[in-house]
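Order of listing sets the numbers, starting from 1, for every ligand and every atom in it.
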Amino acid sequence: MSASVPPPTEFGARSDGQSVAPPVVLEHSRAPERMAADKVRCDACPVLCQISPGKLGACDRYGNVDGVLTRTDTVHLLKRPGSEAVEWKALQAGSWDGTLVDDAPVFVSGIGASTTYPDYKPAPFIIASRHQGVDLVTVVTEGIFSYCSFKVKIDTDRYLGPEQATVRHRGEAVGHVTTIEYGSQFLSLGGVHHLTGGSKKEGRIACELMMALGNQQAVDLQIEGGAALTLQAGRAPIVDGVEEQRMRVGCGSATVGIFAQQWHGHVDEVVVVDDHITGVLSEHQAGKCLDMPPTGICLRGRKSTPGRYFQVANPGGGWGGTDIEDPLSIIEGWDATRGARPGLRLLMVSTTGEDSAWFVLDEALVPQPAPMPAAVKRVVERIGENCEPSLASVLYVAGAGGSLRAGVTDNPVRLTRSIKELLVNVTCGGAPVYVWPGGGITVMVDVARMPAASFGSVPTPAIVSPIEFTMRLDDYRALGGHMSRVRRLEEVLAGSDYRVVDAPAGNPWPLRLPGAGTP
Ligand code: SF4
């Protein structure tokens, strides 16, 4: 079913009123003469598959259907939360009177949209729509990205492996361990080095891993000299076969600061064991503010500032991300001349509260295990209560500042500048992105905010992922956009070659421009 859509008069016209002829663009290069007549050639990526009748290309994204090169999936339209499907069903039914819908009920995403490759080709969908009465254009494509990677944040205080260690998937190097941030270990996975700089197998395995991560599937990884991991976006990480439960409440010093007042009066000393910064309450500024007397405790490791110790043990799978199973092993002794005395009450606890022990010093100043008082136990439980659930978060980083821009405009640097000037809303599958400062268009997006199965791949190898650029119609004209290729949203809806999916909940509506201040 299709409605007759009047040709848009303003598109294909210059701002000075002169009409311009559509650019002469050879969309497809000529197939080789020796190719069998019943084959079709796909030039959506540099592999240039020659596809036999009824077969798929090497990436399964295109097939030969009755002699026609056909995308196996179709473009995904995201339905605006709260919009009534009836709005666009009327359009589908062909009863559209030509009036533009003031608030577009759907957003044309790059998922299934096809690519701009070869790069002189305008983007497959350049769509005019309206949001709150404002005329917009969204340039929609699936980018083929060799320069892309995933940054994975793993909420855990467990030691996963040394910084810079190689991360392997099915035996191949696919990334490395990077920094630890507050309560989370970061990994960098994929990237052009692994896709193109190693063996063919390394590139293929890295690409498969990246696609699975982006599509929110579980992947198994092994860190050299470290842990075996199972990671899935938005799920608890599994470390050496054990599902992580809690993200630590803070480092040892922070934990002392948070709970000092609640311990006061119930303890003489607290040691919060942490691989990075172990806290000692009586020496810590928090203890000083509570007038806690010194206890003569002598801790292993390197003293930083009062009550804060580095390197009390080696990293590992024990208490607080250290390798210790016996917490007393980090105490060198007790100094009676500095406050140690029989009967002194000592709590040792980890930064998640998962490990804790209560001791009382005997006559020889040796800590003896004892039942933990209820008031102390309550605070230990509160540490656990304040820990957030441990999650693996997967962020996709991709460079869109190259030839992909030619699908948007004949003057690519203007797109880059317009994005930096916040005139353009960049989205990936309708999900909001962070655009890195500096040169290029380097975007970062949380894959959990993208629709399911947003990522594909081609065997070059490279990742295929959706990207959309939305801006005011006037701004698109000003940056040298392919105006003769602009189609109205209503025109797309009047056809049937699309799939409507719900926009993931919680995302800002992608037609909202930066700084527009509208929902
Ligand atoms: S790998 Fe896929 S996109 Fe590339 S040419 Fe073959 S079918 Fe087309």
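- Tyr62 and Ser114 share a side-chain donor-acceptor pair at under 3.5 Å.
- Contact record, Ala392 with Leu231: CB-CD2, 4.2 Å, taken as the closest heavy-atom pair.
- Protein N/O/S atoms found under 2.8 Å from atom 6 (Fe) of ligand 1, listed by chain and residue number: Cys49 SG.
- Among residues two or more places apart in sequence or in another chain, the side-chain contact (heavy atoms from CB on, under 4.5 Å) test is passed with Val501 by His76, Leu78, Arg499.
- Under the salt bridge (charged side-chain N to carboxylate O under 4.0 Å, His left out) criterion, Glu224 pairs with Arg168, not counting sequence neighbours.
- Residues Arg248 and Asp274 are paired through a salt bridge, judged by an N-O separation under 4.0 Å between the basic side chain and the carboxylate.
- Taking the salt bridge (charged side-chain N to carboxylate O under 4.0 Å, His left out) definition, one finds that Lys153 meets it with Asp155, sequence neighbours left out.
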